[in-house]
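In what follows, a single structure is set out as structure tokens and then discussed.
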Amino acid sequence: MSNSPFLRALTNPSKAPNLAALAIFLLALVVIFVFDFNGLIGQDTHEYYRFSHVISDFLLGKGDMEGFYWTIMYPFIGALSQMVTGESPYALQVISLLSHIGSAVFLLKYIQRNHIDKAAIIVIVVGYVFCPVMLKNGFHVMSEPLTVFFLCGSIYYFNEYSKYSKLKHLTYWFFFAAFAVFTRYPVFILLVPQSIFIFLRIVKLRKYQYLAIGALAIFFASLPEMLISVANPEGGGLFDNYFLKNWSFLNLFKSSFLTADGTQVYALPNILFASKLFWYPVFFTPFFFLLFWSKKSDFVKSEYLIYTSSVVLYLLFSAGFPFQNIRILVPAFPFLIILSIRPFVRFWNWKRLENYKAFRNGAILLFLTAQLFLFFYLINTSANRNHFEKEVAAYIESLNKERYFGYDIDVAVNSYLDKSKKIENLIIELHEFREGDVLFFNRDQYEKVWTKSNVHTNIQRALYAHDTVRIRGFGSEWSVYELIKKEENK
């Protein structure tokens, strides 16, 4: 195979997983202790963390249930974890990291069960485990890693059921698929082709009673959602999601949107943005390169047609939302990895490379180095934002002011503050301002995103009745202003 000890270990079914696990453990130490990163960055991660506290308090009888904008499987599991370990974002961060590792385990099992050339292990370890955006997500307090874990489980058990038609494999598929959907609703689209195949197989075998297992899986996966619905009937749900209501086929061809999140202008229309799954550096997949070693059967034969259909349908569906975010493409990535395996094996065993193994092996090492370089770049960016949020919170704690107002950072900073001292949101509500109020303001972001929103109206209200004095700056972006009495015109 190769004279390189590293490559021999990387393609060894027993050594490769252990090698990857050790590397991730060392990376975790670096991320947590060197980068001082607890997984919280931006509004969304903090909202997941906050809501996990709401759930745990409710389950312990210490508080009331609230509505939640997203699916609650991830914060629900996070709440159960924190009830054992104590309240800490690290509890949710560990869930994300273990989910990433678990996803890789399922993909490795998929290779072993299908007796695919051991070179395919390189695709999983180098292409998936150390994919910059997938590895970075493993250190974020977000639902994507857990969703992908359930999706990889569904891929594995779907493959098992399609080959052996055993009830236990179908049962596992039902549960993994249901939990994937109730962790992140849009991934239902990824599972449609599998679901059609499963249904037709059940009909063919006339095992209609098996559908009851699917109903049971949906029931168990939806229990956390039902918990919220019963405890808080006004809490909203799937069909109250703002972006789902604004999904449109026409959005595929748009590159600018005016939404509740302000004005967003992008370089590419949504349909081209969705194609970033294949070529964007943070995914760093050599998919297009591997097309030279692909065959038509890699994408349209048996189960591969199902995975191809899953990717195409999901990307088209994702492009219909009125925004662009790399995170939304992440759930489709393991399906793309599956489709990349056979072309990679052909490349690896290409006879023309027989005399250039050193070059081939060096290319793999260079590729892995590039993966890690991009990962550290992404995690450093995340850590910088995390440190900024902590710095703002510490600054507020040092001030002796009654009211604080801001946007884009309010949920994040409030995670570190006592409830009596928090930043009020300028996006959702209109406020009446008074002397002594403190405003957190990012001029560049305001001019690009918020000039047609409540943020603009609130800022104008504040400035109409008050003058301002800049009392602090955070880098070159954020400034802190105190409202003072407006001087009368002479």
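Values reported hereafter were calculated over all heavy atoms of this structure, with side chains retained and with hydrogens, waters and symmetry mates removed. Start at 1 with the first residue, then count along the sequence.
Only one option out of Glu389, His46, His53, Glu47 pairs with Ser415 in a side-chain hydrogen bond (donor to acceptor under 3.5 Å, both in side chains); it is His46.
Not counting sequence neighbours, the partners of Phe199 by the side chain to side chain contact (heavy atoms under 4.5 Å, CB included) test are Val203, Leu211.
From Leu290, atom CG reaches atom CZ of Arg342 across 14.0 Å, with rounding to the nearest 0.5 Å. Put simply, CZ on Phe273 and CG on Leu329 are 4.5 Å apart, with the number rounded to the nearest 0.5 Å. Rounded to the nearest 0.5 angstrom, Asp261 CG and Ile427 CD1 are separated by 7.0 Å. Between the NZ atom of Lys168 and the CG atom of Leu170 there is a distance of 13.0 Å, given to the nearest 0.5 Å. Atom CG of residue Leu97 and atom CD1 of residue Ile24 lie 6.5 Å apart, to the nearest 0.5 angstrom. The structure places OH of Tyr280 at 11.5 Å from OG of Ser275, a figure rounded to the nearest 0.5 Å.
By the 4.0 Å N-to-carboxylate-O rule, Glu160 lies close enough to Arg113 to be salt-bridged with it. No salt bridge links Asp117 with Arg346; every basic N to acidic carboxylate O contact stays at or beyond 4.0 Å.
No donor-acceptor pair closer than 3.5 Å links the side chain of Thr45 to the backbone N or O of Leu40. In terms of modelled atom types and a separation under 3.5 Å, the side chain of Asn325 and the main chain of Ile328 share no donor-acceptor contact. Proximity of a side-chain donor or acceptor of Gln194 to a complementary backbone N or O of Phe158 within less than 3.5 Å is not detected. Side-chain atoms of Asp298 come within 3.5 Å of backbone N or O of Lys295 as a donor-acceptor pair. At distances below 3.5 Å, at least one donor-acceptor pair connects side-chain atoms of Ser88 with backbone N or O atoms of Tyr90. Put simply, the side chain of Ser103 gets close to the backbone of Phe149: a donor and an acceptor are under 3.5 Å apart. No side-chain donor-acceptor contact under 3.5 Å links Asn380 to the backbone of Phe376. Side-chain atoms of Asn114 come within 3.5 Å of backbone N or O of Tyr110 as a donor-acceptor pair. Using a distance-only test at 3.5 Å, with no hydrogens or angles considered, a donor-acceptor pair links the side chain of Ser310 to the main chain of Leu190. Judged purely by atom type and a 3.5 angstrom limit, Gln371 uses its side chain to pair as donor or acceptor with the backbone of Val126.
Ring to ring, Phe375 and Phe130 are not that close: their centroids are 6.0 angstrom or more apart. The six-membered or imidazole ring of Phe175 lies away from that of Trp173, with a centre-to-centre distance of 6.0 Å or more. For Phe179 and Phe150, the gap between ring centers is short of 6.0 Å. Taking the six-membered ring where the residue is Trp, the centroids of Tyr304 and Phe299 are separated by 6.0 Å or more. Note: Trp348 and Phe344 meet the aromatic proximity criterion, with ring centroids under 6.0 Å apart. Between Tyr128 and His100, the ring centre distance stays below 6.0 Å.
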Carefully, step by step, assess Val125 and Leu19 under the rule side-chain contact (heavy atoms from CB on, under 4.5 Å).
CA-CA 9 Å; Val125 174; Leu19 187 67; over 6 Å; no
Go through the steps for His140 and Ser96 under the test side chain to side chain donor-acceptor pair (under 3.5 Å), then give the verdict.
CA-CA 7 Å; His140 278 197; Ser96 294; over 6 Å; no
Run Arg201 and Ser165 through side chain to side chain donor-acceptor pair (under 3.5 Å) and show every step you take.
CA-CA 8 Å; Arg201 174 68 64 86; Ser165 296; 2.4 Å; yes
Could you walk me through whether Asn251 and Asn270 satisfy the side chain to side chain donor-acceptor pair (under 3.5 Å) test, starting with their C-alpha distance in whole Å, then the side-chain angles of each, then the deciding distance to 0.1 Å, before giving a yes or no?
CA-CA 7 Å; Asn251 289 338; Asn270 273 12; 5.9 Å; no
Before you tell me yes or no, could you show the steps for Phe37 and Ile32 under side-chain contact (heavy atoms from CB on, under 4.5 Å), namely the whole-Å CA-CA distance, both residues' side-chain angles and the distance that decides it to 0.1 Å?
CA-CA 5 Å; Phe37 182 54; Ile32 294 173; over 6 Å; no
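Relative ring orientation between Tyr172 and Phe176 is described as tilted, the plane-to-plane angle lying within the 30° to 60° band. Between Tyr314 and Phe317, the two ring planes are tilted [angle within 30° to 60°]. Ring geometry, Phe257 versus Tyr266: the interplanar angle falls from 30° to 60°, so the pair is classed tilted. Taking the six-membered ring where the residue is Trp, Tyr156 and Phe106 present tilted rings, their angle falling between 30° and 60°. Below 30°, between 30° and 60°, or above 60°: for Phe289 and Phe347 the angle between ring planes is above 60°, a perpendicular geometry.
More than 12 non-hydrogen atoms from other residues, nucleotides or ligands lie less than 6.0 angstrom from NZ of Lys163. Other residues, nucleotides and ligands place more than 12 heavy atoms under 6.0 Å from the CG atom of Leu223. The environment of Phe292 atom CZ is sparse: at most 12 non-hydrogen atoms of other residues, nucleotides or ligands sit within 6.0 angstrom.
When every heavy atom of Asn246 is checked against every heavy atom of Pro322, the shortest pair comes out as O-CD, 3.8 Å. The two residues Asn38 and Gln93 make their nearest non-hydrogen contact at C-NE2, 3.5 Å. Taking each heavy atom of Ile41 and Arg385 in turn, the nearest pair found is CG1-CG, 3.5 Å. Across every non-hydrogen atom of Gly78 and Leu92, the tightest pair is CA-CG, 4.0 Å. Of all heavy-atom pairs between Glu225 and Thr71, the closest is OE2-CA, 3.3 Å. The nearest pair of heavy atoms linking Ala120 to Ile341 is CB-CG2, 3.5 Å.
Taking the side chain as every heavy atom from C-beta outward, Ile326 and Phe283 approach each other to under 4.5 Å. Residues Lys109 and Val105 form a side-chain contact, since some pair of their non-hydrogen atoms from C-beta on lies under 4.5 Å apart. Counting only heavy atoms from C-beta outward, the side chains of Phe68 and Pro75 approach each other to under 4.5 Å. Residues Leu216 and Thr171 are not in side-chain contact: their nearest non-hydrogen atoms beyond the backbone lie 4.5 Å or more apart. Using a 4.5 Å cut-off on side-chain heavy atoms (C-beta onward), Ile155 and Asn159 make no contact. Side-chain contact check for Phe33 versus Val30: every heavy-atom pair is 4.5 Å or farther apart. Residues Leu272 and Pro269 have side chains in contact (heavy-atom distance under 4.5 Å, counting atoms from C-beta outward). At a threshold of 4.5 Å between non-hydrogen side-chain atoms, the residues Glu66 and Asp57 do not count as touching.
For the residue pair Gln82/Ser52, the side-chain donor-acceptor check at 3.5 Å is satisfied. Ser143 and Tyr48 share a donor-acceptor pair across their side chains, judged by distance under 3.5 Å alone.
Residues in residues 327-336 take part in these side chain to side chain donor-acceptor pair (under 3.5 Å) pairs, two or more places apart or across chains: Asp44-Arg327, Glu144-Arg327.
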